[in-house]
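Here is the structure we will look at, set down as structure tokens.
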Number of protein chains: 4
Amino acid sequence: MTRNIILRDHVRAGILDVAATVLAERGTSVSMTDIAQAAGVARATLYRYFPNRDALLYALYEAALSDLTRRLNDARLDSVPIEEAVARMTRATIAATGRYRALGLFEKAPREARRMERQLAAPLRAVFERGAASGAFRRDMPVHTLAELYFSLLEGVVSRVIRHRLSVEEASAYATTLFLSGALAAPPAPPPTATSTATSAGSTTASSTAVPGAVPGAVPSAGSPSSG
Amino acid sequence: MTRNIILRDHVRAGILDVAATVLAERGTSVSMTDIAQAAGVARATLYRYFPNRDALLYALYEAALSDLTRRLNDARLDSVPIEEAVARMTRATIAATGRYRALGLFEKAPREARRMERQLAAPLRAVFERGAASGAFRRDMPVHTLAELYFSLLEGVVSRVIRHRLSVEEASAYATTLFLSGALAAPPAPPPTATSTATSAGSTTASSTAVPGAVPGAVPSAGSPSSG
Amino acid sequence: MTRNIILRDHVRAGILDVAATVLAERGTSVSMTDIAQAAGVARATLYRYFPNRDALLYALYEAALSDLTRRLNDARLDSVPIEEAVARMTRATIAATGRYRALGLFEKAPREARRMERQLAAPLRAVFERGAASGAFRRDMPVHTLAELYFSLLEGVVSRVIRHRLSVEEASAYATTLFLSGALAAPPAPPPTATSTATSAGSTTASSTAVPGAVPGAVPSAGSPSSG
Amino acid sequence: MTRNIILRDHVRAGILDVAATVLAERGTSVSMTDIAQAAGVARATLYRYFPNRDALLYALYEAALSDLTRRLNDARLDSVPIEEAVARMTRATIAATGRYRALGLFEKAPREARRMERQLAAPLRAVFERGAASGAFRRDMPVHTLAELYFSLLEGVVSRVIRHRLSVEEASAYATTLFLSGALAAPPAPPPTATSTATSAGSTTASSTAVPGAVPGAVPSAGSPSSG
DNA sequence: CATGAATGAGCCTTCATTCAT
DNA sequence: AATGAATGAAGGCTCATTCAT
């Protein structure tokens with residue numbers, strides 16, 4: 001009796017696995033026929049496990065989220081320095097979402113899943129909050145925006161992982177590095193002047209001035225002393 | 001005579017405009033019916049202007065690319081410092097591609113458009129080459145990868161512009177700033193004082209080695225004693 | 001005033017002419033667009049002359065029938081021997097229907113045209129009646145059937161004329177010859193037996209016996225003496 | 001398992017049967033909707049059996065051709081006298097093509113079917129060759145033309161069979177008789193008695209010259225004193 | 001009057017889904 | 001429980017027809 005249930009769960013997981021792969025490879029346009037065929041079952045059988053297409057997608061969503069949740073829990077983000085936390089969560093996210101990207105994770109989740117996602121996003125947001133609070137992050141842009149930029153970067157990188165333009169390893173490392181440190185080479189030797197340590201926004205020396213139009217007009221407090 | 005042609009072109013442009021919006025908002029899955037409806041014309045009329053769906057998508061491509069080309073030409077990227085060049089090309093790209101993102105610009109363009117796109121990408125790549133050659137860009141990752149990361153960031157940001165989570169201005173400024181300067185606050189020259197190891201890790205100066213688990217070489221969580 | 005009407009009629013005739021050609025060449029599936037294009041006018045103009053597709057087809061039908069009627073009248077079928085009459089009506093029909101064959105003349109005429117057609121068929125039927133009455137035609141099959149066979153042959157031949165497999169001349173001559181004389185070479189020298197002149201059915205000597213299964217079983221009075 | 005396949009084949013054959021009827025009756029313009037409706041299945045079901053319209057038509061071709069091939073083989077055309085051979089092949093062709101006439105057999109077959117058709121036409125042509133070689137056929141027209149006339153006659157007759165104007169039996173018998181013997185009553189050897197010029201003109205014996213305006217050479221109304 | 005533009009209806013095809021075995 | 005078969009709905013496209021210039 002229980003055996004069957006167990007077996008059934010395994011089959012279900014298998015189908016889900018195949019579906020994730022197919023979807024990631026060929027996009028959201030794959031049909032139920034495609035998925036069933038890839039999974040080696042009849043279409044009708046597929047419908048036994050997932051009453052309809054949305055259910056399948058939703059299940060994939062759940063799988064992706066639980067996968068990510070597990071990885072993030074394992075990462076113990078709050079027990080390590082902010083840089084390490086970012087590195088870990090980047091890796092975890094890329095690894096977990098790579099297979100599910102067709103779902104548009106972080107992007108166009110089904111209405112019902114929004115709640116789960118927000119709940120899941122918590123640990124990620126926490127890292128940002130901590131980074132902001134600890135002064136580790138620049139203060140010339142709202143932490144919320146910083147997070148958005150981070151997710152933006154992740155999405156793009158994930159899509160490149162899927163298209164085999166980057167490996168998970170590369171993608172994780174590069175994305176972390178870019179996000180944390182920035183692209184501009186640091187100035188050779190900054191004159192040991194003021195205690196600008198706190199308002200590190202303009203850090204890369206010429207940055208706040210050398211990057212004209214980057215934070216144009218009234219963009220939030222670029223390196224202003226009021227932040228702190 | 002000419003009037004009609006002009007009018008026709010305007011109508012065509014109008015339809016294209018609507019199509020871009022609808023596609024950007026609802027994804028590539030929108031049907032010709034949807035587009036025609038959104039444009040307020042009958043489906044058959046839509047087909048008068050674009051003989052088939054692909055023709056419509058291709059026209060959108062052309063529009064996006066020519067728009068972007070014009071903006072990049074206007075930007076005179078090679079006549080300004082690298083930072084300004086990045087700022088300008090970021091703004092230009094976001095402004096131009098925002099409406100066409102559903103097409104997956106830089107991603108899955110139709111065969112024929114690939115050529116145009118590559119040709120168009122030239123000025124962008126040129127900026128990266130210049131940045132690398134002039135030593136303005138960090139040297140711990142290949143310029144090619146840097147470009148990929150930049151495009152990744154852009155894509156994500158563009159999608160947020162479309163979903164009205166960011167304005168074009170904000171998106172441009174923030175993306176530029178993040179890409180150029182980085183997210184971590186980095187003191188100009190951290191006096192070898194305190195246990196700043198944790199926070200100052202991502203110092204842009206020695207970034208390539210200071211960011212744990214980030215740099216290509218010794219990729220996963222390197223240098224972080226807490227990882228384990 | 002009248003000028004215009006005259007001109008209009010000419011244009012109309014021209015269109016009809018082109019339409020006939022196009023229809024004959026490419027079949028009934030040609031669109032109004034095709035016809036308008038071939039005629040060098042706009043589709044809307046075509047509709048000025050013929051309110052709808054059926055009207056055009058019907059007009060073509062009328063043209064074909066009146067053409068045929070004229071030719072048959074000119075042929076004075078009842079003033080010449082039966083053989084000559086057949087020859088003439090064959091030629092007239094092939095010449096007249098060649099251009100209109102797509103209409104399925106004698107085959108799938110529009111309901112309303114049936115009447116006209118039947119009226120037109122009169123002179124043709126008359127020839128058969130005369131041939132039967134005069135004893136010129138074989139008596140082992142009903143004259144009605146003979147007529148059907150004749151029309152069958154004509155249809156096929158006409159289709160070949162249209163496809164340029166036969167010229168009008170060839171087609172007329174061959175069809176007439178075959179229909180009148182038959183395909184089997186006549187026996188060298190028939191024993192000068194009886195006065196079988198009247199019941200000429202078995203004419204080609206061995207025909208009624210040599211053509212086994214041709215008029216099989218109870219097929220109408222094959223050379224039987226009861227016919228007369 | 002096998003049951004299903006068998007059943008499926010039967011259903012397929014049934015659909016094909018219905019399709020043949022509908023096509024024969026209403027012409028090639030019938031839509032898939034029409035066919036599905038006539039067959040009593042949903043359009044989508046129709047597509048289960050035939051992936052597209054062309055596939056259906058092609059299947060009909062195959063059916064018609066294989067049917068005809070079988071019949072012709074059974075007829076053993078080369079083992080019987082020419083007259084019997086013609087009688088058999090006429091019957092076989094009419095019986096086999098009657099249901100498929102809308103396909104325009106011998107007329108506008110799809111490219112791939114041309115080959116099959118030509119291969120199939122071989123036995124028919126062989127009969128004509130034999131007839132010509134043996135001197136059984138008249139010599140005043142090329143055997144190729146004779147064949148064309150024969151097919152012309154067949155086509156027309158077949159169309160009448162479809163429209164229920166003739167039964168297969170009647171059509172076969174009459175067509176054979178007409179083709180073989182001719183329509184004109186021809187006295188075995190007209191004693192040079194009376195003014196039989198008019199009636200006996202088409203005498204099969206000297207037919208080639210006797211039929212006015214019929215024979216290729218001196219085509220139009222030749223030898224008829226009344227023509228002018 | 002001639003014409004370009006607009007449109008409703010219909011066709012071919014595919015897909016997600018249900019049903020009976 | 002698994003599956004082949006059946007189907008309604010929708011998508012892309014064309015065509016005959018109407019309208020306003």
Side-chain angles (χ1 to χ4, degrees), chain A residues 4-5 7-8 11 15 29-36 39-57, chain B residues 1 3-5 7-8 11-12 15 29-37 39-57, chain C residues 4-5 7-8 11 15 29-36 39-57, chain D residues 1 3-5 7-8 11-12 15 29-37 39-57:
Chain A
N4 285 345
I5 293 182
L7 174 57
R8 186 183 164 93
V11 174
I15 291 179
S29 68
V30 294
S31 68
M32 292 296 268
T33 304
D34 294 333
I35 294 172
V41 298
R43 231 170 31 253
T45 306
L46 182 56
Y47 276 92
R48 276 217 159 275
Y49 287 90
F50 305 96
N52 56 42
R53 197 173 199 273
D54 278 352
L56 176 73
L57 257 51
Chain B
M1 278 299 136
R3 293 283 172 69
N4 285 345
I5 293 181
L7 175 57
R8 187 184 161 94
V11 173
R12 193 187 133 102
I15 291 179
S29 68
V30 294
S31 69
M32 290 298 266
T33 304
D34 293 334
I35 294 172
Q37 202 163 307
V41 298
R43 225 167 50 249
T45 304
L46 182 55
Y47 277 95
R48 262 188 70 72
Y49 288 90
F50 305 97
N52 55 46
R53 197 174 199 274
D54 277 352
L56 177 71
L57 291 182
Chain C
N4 285 347
I5 294 182
L7 174 58
R8 185 181 163 94
V11 174
I15 291 178
S29 68
V30 293
S31 68
M32 291 297 266
T33 304
D34 294 333
I35 294 173
V41 298
R43 227 167 38 251
T45 305
L46 182 57
Y47 276 92
R48 276 217 160 275
Y49 287 91
F50 305 96
N52 56 43
R53 197 174 199 273
D54 277 351
L56 176 72
L57 257 50
Chain D
M1 277 299 135
R3 293 283 173 68
N4 285 346
I5 292 181
L7 175 57
R8 186 184 163 94
V11 174
R12 191 188 134 103
I15 291 179
S29 68
V30 294
S31 69
M32 290 297 265
T33 305
D34 293 334
I35 295 172
Q37 201 163 309
V41 298
R43 238 183 12 261
T45 304
L46 183 55
Y47 277 94
R48 261 188 70 71
Y49 289 89
F50 305 97
N52 54 46
R53 196 173 200 275
D54 277 352
L56 176 71
L57 292 182

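This is a predicted model, so every value here is computed, not measured. Below, all heavy atoms of this structure are taken into account, side chains as well, without hydrogens, waters or symmetry copies.
- Summarising the geometry, the separation between CG on A:Leu56 and P on E:dC15 is reported as 16 Å, rounded to the nearest angstrom.
- One interatomic measurement links the two molecules: CD1 of D:Ile15 to C1' of F:dA5, which rounds to 11 Å at whole-angstrom precision.
- Between A:Leu56 and A:Met32, some side-chain heavy-atom pair lies under the 4.5 Å cut-off.
- Atom CG in D:Leu46 sits roughly 10 Å away from atom P in E:dT13 (whole-Å rounding).
- With sequence neighbours left out, A:Ser31 forms a side-chain hydrogen bond (donor to acceptor under 3.5 Å, both in side chains) with A:Asp34.
- Applying the side-chain hydrogen bond (donor to acceptor under 3.5 Å, both in side chains) criterion to C:Thr33, with sequence neighbours excluded, gives C:Arg43.
- At the heavy-atom level, D:Val41 lies under 4.0 Å from the strands shown only through sugar-phosphate atoms.
- If you measure from atom CZ of B:Arg12 to atom C1' of E:dG4, you get 17 Å, rounded to the nearest angstrom.
- Among the duplex regions that DNA chain F forms, those built from at least three successive Watson-Crick or G-U pairs under 3.5 Å are E:2-21 with F:2-21, ordered by first number.
- In this structure, the CZ atom of A:Phe50 is 13 Å from the P atom of E:dT17, given to the nearest Å.
- For the side-chain contact (heavy atoms from CB on, under 4.5 Å) test, residues two or more places apart in sequence or in another chain that qualify with C:Asp54 are C:Asn52.
- Looking at A:Arg48, its side chain has no donor and acceptor atom pair within 3.5 Å of the base of F:dA1.
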Report each atom pair, protein N/O against N/O of nucleotides 9-12 of chain F, whose distance is under 3.5 angstrom.
| residue | atom | partner | partner atom | Å |
| --- | --- | --- | --- | --- |
| F:dA10 | N6 | D:Arg43 | NH2 | 3.4 |
| F:dG12 | OP1 | B:Arg53 | NE | 2.9 |
| F:dG12 | OP2 | B:Met32 | N | 2.8 |

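- Heavy atoms of D:Tyr49 sit under 4.0 angstrom from primed sugar atoms or phosphate atoms, though from no base atom.
- Side-chain contact check for B:Phe50 versus B:Ile15: some heavy-atom pair is nearer than 4.5 Å.
- The CD atom of D:Gln37 sits 12 Å away from the P atom of F:dG8 (whole-angstrom rounding).
- Distance CZ (B:Arg8) to P (E:dT3): 17 Å, rounded to an integer number of Å.
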